[in-house]
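First the structure, in the form of structure tokens, and then the observations on it.
Starting from 1, each residue takes its place in the sequence as its number.
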Amino acid sequence: MLPEVIKGIAAIALTLILCGVQKYLSTRKAWQLGVVVPLLSAVAMGALYVVKQVALSAEFVIPCAVLLVLELLMWADGRHQRRKEELLRMKIKDIG
């Protein structure tokens, strides 16, 4: 029972860390940084497929696809937020 709880907590912690890193990297000046986490996720999924020989079933493909889509959406949202902040800074500079 306890190892299952620890695995669940570790999974939640890893998810929160990945989301935080993705959000941070996607709002940096260099837009390419936001693609680091989705690329690492894709490499990890590919490694699982090759090393563990996971079958290409819906149980594997759908969660992987959802994860990649969510990471890419977070990247797009971070880029949008960055542009919005830059426009606000430009407006403040023009007014002042």
Side-chain angles (χ1 to χ4, degrees):
M1 177 71 181
L2 187 59
E4 293 173 10
V5 171
I6 293 173
K7 283 182 184 179
I9 292 172
I12 291 170
L14 181 63
T15 302
L16 291 175
I17 290 169
L18 281 175
C19 286
V21 169
Q22 176 64 8
K23 188 67 174 173
Y24 175 78
L25 291 176
S26 66
T27 57
R28 300 298 97 198
K29 187 174 183 177
W31 64 270
Q32 298 91 341
L33 290 175
V35 81
V36 170
V37 173
L39 276 177
L40 289 176
S41 294
V43 167
M45 291 171 206
L48 275 175
Y49 175 71
V50 172
V51 174
K52 295 281 188 172
Q53 296 179 349
V54 177
L56 280 179
S57 64
E59 292 175 354
F60 178 71
V61 174
I62 291 175
C64 292
V66 168
L67 178 67
L68 285 175
V69 167
L70 288 175
E71 288 173 346
L72 291 173
L73 286 173
M74 286 177 66
W75 181 33
D77 181 55
R79 296 313 307 158
H80 177 72
Q81 181 182 350
R82 172 78 181 181
R83 280 191 219 108
K84 199 172 169 182
E85 289 172 359
E86 287 177 358
L87 285 174
L88 183 61
R89 272 191 239 126
M90 289 170 60
K91 285 181 183 179
I92 291 172
K93 200 175 202 180
D94 286 344
I95 291 173

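Listed by chain and number, the residues in a side chain to side chain donor-acceptor pair (under 3.5 Å) with Arg79 amount to none (sequence neighbours excluded). Under the rule for a side-chain contact (heavy atoms from CB on, under 4.5 Å), the partners of Val69 that lie at least two apart in sequence or sit in another chain are Leu73. Scored by the side-chain contact (heavy atoms from CB on, under 4.5 Å) test, Ala10 finds no partners at all (sequence neighbours excluded). Not counting sequence neighbours, Arg83 has no partner by the salt bridge (Lys or Arg N to Asp or Glu O under 4.0 Å) test.
Its side chain within the 4.5 Å cluster rule, Ile12 clusters with Leu16 among the Ile, Leu, Val, Met, Phe, Trp and Tyr residues. Taking Ile, Leu, Val, Met, Phe, Trp and Tyr as hydrophobic and joining them when side-chain heavy atoms fall under 4.5 Å apart, one finds Trp31 in a cluster with Val35, Leu39, Leu72, Trp75. Other cluster members for Ile62: Val66, Leu70, joined by side-chain heavy-atom distances under 4.5 Å among Ile, Leu, Val, Met, Phe, Trp and Tyr. Under a 4.5 Å side-chain heavy-atom cut-off, the cluster of Ile, Leu, Val, Met, Phe, Trp and Tyr residues that includes Val43 has no other member.
When all heavy atoms of Ala58 and Pro63 are compared, the closest pair comes out as O-CD, 3.6 Å.
Hydrophobic cluster membership is shared by Leu40 and Leu14, with clusters built from Ile, Leu, Val, Met, Phe, Trp and Tyr side chains linked at under 4.5 angstrom. Side-chain heavy atoms closer than 4.5 Å link hydrophobic residues (I, L, V, M, F, W, Y) into clusters, and following such links, even through other members, never connects Leu68 to Val37. Cluster membership for Leu18 and Val36, using ILVMFWY side-chain heavy atoms within less than 4.5 angstrom, is shared.
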Got a list of side-chain donor-acceptor pairs under 3.5 Å for residues 44-51, not counting sequence neighbours?
none

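Residue pairs satisfying the side-chain hydrogen bond (donor to acceptor under 3.5 Å, both in side chains) criterion with at least one member in residues 52-73, sequence neighbours excluded, are listed as follows: Ser41-Glu71. Pairs of residues two or more places apart, or lying in two chains, that qualify as side-chain hydrogen bond (donor to acceptor under 3.5 Å, both in side chains) and include a residue from residues 6-28 are Lys23-Asp77, Lys23-Gln81.
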